[in-house]
Amino acid sequence: MTKLRAAITGIHGYAPPYVLSNKEIEKLVDTSDEWIMTRTGIRERRIQKGEGLATSDMAVEAVNSLLQKTGTRPEEIELVICATVTPDMVYPATANIVSDKCGMTNAFSFDLNAACSGFIYALTTGSKYIESGSYKKVVVIGADKMSSIVDYTDRQTCVIFGDGCGAVMLEPTTDDFGIMDSIMRTDGSGRIHLHQKAGGSLRPASHETIERKEHFVYQEGQAVFKFAVTRMADVSAEIMERNKLTADDISWLVPHQANLRIIDATGKRMGIPPEKVMINIDKYGNTTNGTIPLCLWEWEKQLKKGDNIIVAAFGGGFTWGSIWIKWAYDS
Ligand code: ACO
C-alpha cells in the first residue's frame, strides 16, 4: 500500500507591529545593547500592544492569511492544534477560540504545551492524524504572547522574549515529500530550571504569588543553555544519521530561536554552513512557539520542492526534538 505522508502545503506568520528595541530595554533594566547582542544575538523584538488583545488574535491573523493563500474555506479544516504557553485563558483551549474566530466550524481543536518545542510536537502530532488517513486538512499553529508572562524588571528574561506566531497547513500526499521523520524527547527533571511557578493547581493565583512575581517566566539561564546546546545539536545529528543524510543533503536548518550561540553550536555540530541556517532572532527574539513557523514563513519564497529541511527545538520541560521535512512545493 502507498504510504500517506503529511505535507506542509502553506505557511503564514504574524508579528505585531510594535518594535521593542534594545535601546528601549536599556531604559527599563540595567543592561546594554552590546550585552544583549553579544550574549543572545537579539536586536529587537515585537510586542502585542492594545487592550483586549491576546495570543488568539495573532493566530487569527496568521490563520486567515493561510486560508486565503491556500484557497481553503474555513469549514474545510478538520483539525486545529495550537502550540502555546500563553493561552488566552487556562481553558478553553486557544485553538477553540481561533477556530471560532476564523469560522473553522467543522474542526476539532486542542492546545499543546511543550514550551519552546511545542510547535514541533504539534507538527508531529498533526502529521500522524494525516498519515493515519483520519484527516485531510489540518492547521498547526505556534503562537505566543510572551510579553504577558515576562517581568520587565528582570534583565535575565525580559531581553530574550517577544510576541509572534505562525501557522501551517498539513495535507496528505502519496509522493515522497512532507514530514519524513521526527524524534521527540522529554526530560521532566529539567522543570526545576525553567518554569512558571504559579497559576497552576500547585500554586493557584493569590496575593502572595503576585507579590512574589511567580506568574512570570522563571529561567536559570546558564543551566538551560548547557542542556539546550547539547540536546538540540545531538537530536539534529541523530535524525540525520538515522536517515543517512549528510550535511551536503541538507538545504536548510531551522533551529528554535532561543539564543544565537545555541543556533551556531547546533549548525556547527551538524556541519551545516551558516548560510543554510535560518536566523531571525535579531528581529523577533525568542517567540517560544512562534520561532520556527516565523522562520519558515520568512524563507518561504526561497524554499524549493524537494529541499531537505531539518527543524530542531529545545524548551522548558525539558522538551526537545527534531523533524526532517522534504519541502513539498515551489513558492
Ligand atoms: N544585561 C546585562 N547583564 C546581564 C543580563 C542582561 N540582560 N542578564 C544577565 N546579566 C549578567 C548576570 O547577572 C551575570 O552577571 P555576574 O557574572 O555578575 O553574576 C552575567 O551577566 C552572566 O550571566 P549568565 O546568566 O551567565 O549569562 P549567559 O551568558 O548565560 O546568558 C542567557 C544568559 C541569554 C539567558 C543564556 O543563558 C541563554 O540563552 N540560556 C538558554 C535559553 C534557552 O534556550 N531557553 C529555552 C527556551 S525558552 C522556553 O522554553 C520558554
Side-chain angles (χ1 to χ4, degrees), residues 20-45 55 83-87 112-122 142-165 184-188 190-197 199 215-236 255-266 279 281-282 284-292 294-295 311-321:
L20 177 61
S21 66
N22 288 352
K23 283 283 161 213
E24 204 178 333
I25 286 204
E26 281 178 2
K27 294 181 201 147
L28 303 175
V29 289
D30 179 16
T31 190
S32 66
D33 175 47
E34 201 264 330
W35 191 95
I36 304 170
M37 279 304 288
T38 321
R39 306 307 289 173
T40 70
I42 301 167
R43 189 180 305 281
E44 59 193 35
R45 64 293 289 144
T55 297
T84 186
V85 296
T86 52
L112 192 153
N113 181 343
C116 289
S117 308
F119 183 75
I120 64 167
Y121 273 43
D144 271 306
K145 180 178 178 172
M146 292 306 289
S147 60
S148 65
I149 56 167
V150 163
D151 174 5
Y152 286 94
T153 64
D154 174 14
R155 69 177 184 175
Q156 315 239 24
T157 50
C158 77
V159 301
I160 298 170
F161 294 102
D163 302 339
C165 79
M184 298 294 130
R185 300 259 194 265
T186 306
D187 176 2
R191 67 189 183 280
I192 55 168
H193 302 297
L194 179 52
H195 55 255
Q196 190 178 316
K197 292 186 191 303
H215 294 268
F216 294 122
V217 173
Y218 171 84
Q219 175 169 266
E220 293 162 10
Q222 268 188 19
V224 178
F225 185 90
K226 280 182 204 145
F227 278 101
V229 164
T230 51
R231 297 292 192 273
M232 211 158 97
D234 285 352
V235 78
S236 305
H256 169 54
Q257 313 278 304
N259 185 314
L260 187 58
R261 291 181 288 147
I262 300 174
I263 295 171
D264 288 344
T266 307
I279 299 171
I281 191 170
D282 51 319
Y284 301 120
N286 181 350
T287 55
T288 303
N289 285 287
T291 66
I292 288 168
L294 274 174
C295 275
V311 178
F314 181 88
F318 289 138
T319 55
W320 67 101

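The shown structure was predicted, so the numbers you read here are calculated from the model rather than taken from an experiment. Counting convention: from 1, in listed order, for ligands and their atoms alike. Note that these values count all heavy atoms, side chains included, but never hydrogens, waters or copies made by symmetry.
Residue-ligand proximity, R261 to ligand 1, at heavy-atom distances under 4.0 Å covers atoms 28 (P), 29 (O), 31 (O). Close contacts of ligand 1 with Q222, meaning ligand atoms under 4.0 Å from a residue heavy atom, involve 24 (P), 26 (O), 30 (O), 37 (O). Close contacts between ligand 1 and N286 involve ligand atoms 47 (C), 48 (S) [criterion: under 4.0 Å to a heavy atom]. Close approach to A115 involves these atoms of ligand 1, each under 4.0 Å from a residue heavy atom: 50 (O).
What sits closest to atom 48 (S) of ligand 1 on the protein, heavy atoms only, is C116 SG, 3.1 Å. The nearest heavy-atom contact from the protein to atom 29 (O) of ligand 1 is R39 NH2, 2.6 Å. Protein heavy atom at the shortest distance from atom 27 (O) of ligand 1 is W35 CZ2, 3.9 Å. Nearest protein neighbour of atom 40 (N) of ligand 1, counting heavy atoms only, is G221 O, 3.1 Å. Atom 35 (C) of ligand 1 has its closest protein heavy atom at I160 CD1, 3.5 Å. Nearest to atom 15 (O) of ligand 1 among the protein's heavy atoms is R155 NH2, 4.4 Å. If you check which protein heavy atom lies closest to atom 36 (C) of ligand 1, you get N259 ND2, 3.8 Å.
Under 4.0 angstrom from ligand 1, the non-hydrogen atoms of T31 come from both its backbone and its side chain. Of all the heavy atoms of L194, the ones lying under 4.0 Å from any atom of ligand 1 belong exclusively to the side chain.
Under a 4.0 Å N-O distance rule, the pair E24/K27 does not qualify as a salt bridge.
Between G316 and ligand 1, a contact under 3.5 Å exists for at least one N or O pair. In terms of N/O distances under 3.5 Å, ligand 1 is approached by Q219.
Classified by interplanar angle (parallel below 30°, tilted 30° to 60°, perpendicular above 60°), the ring pair Y218/H195 is parallel.
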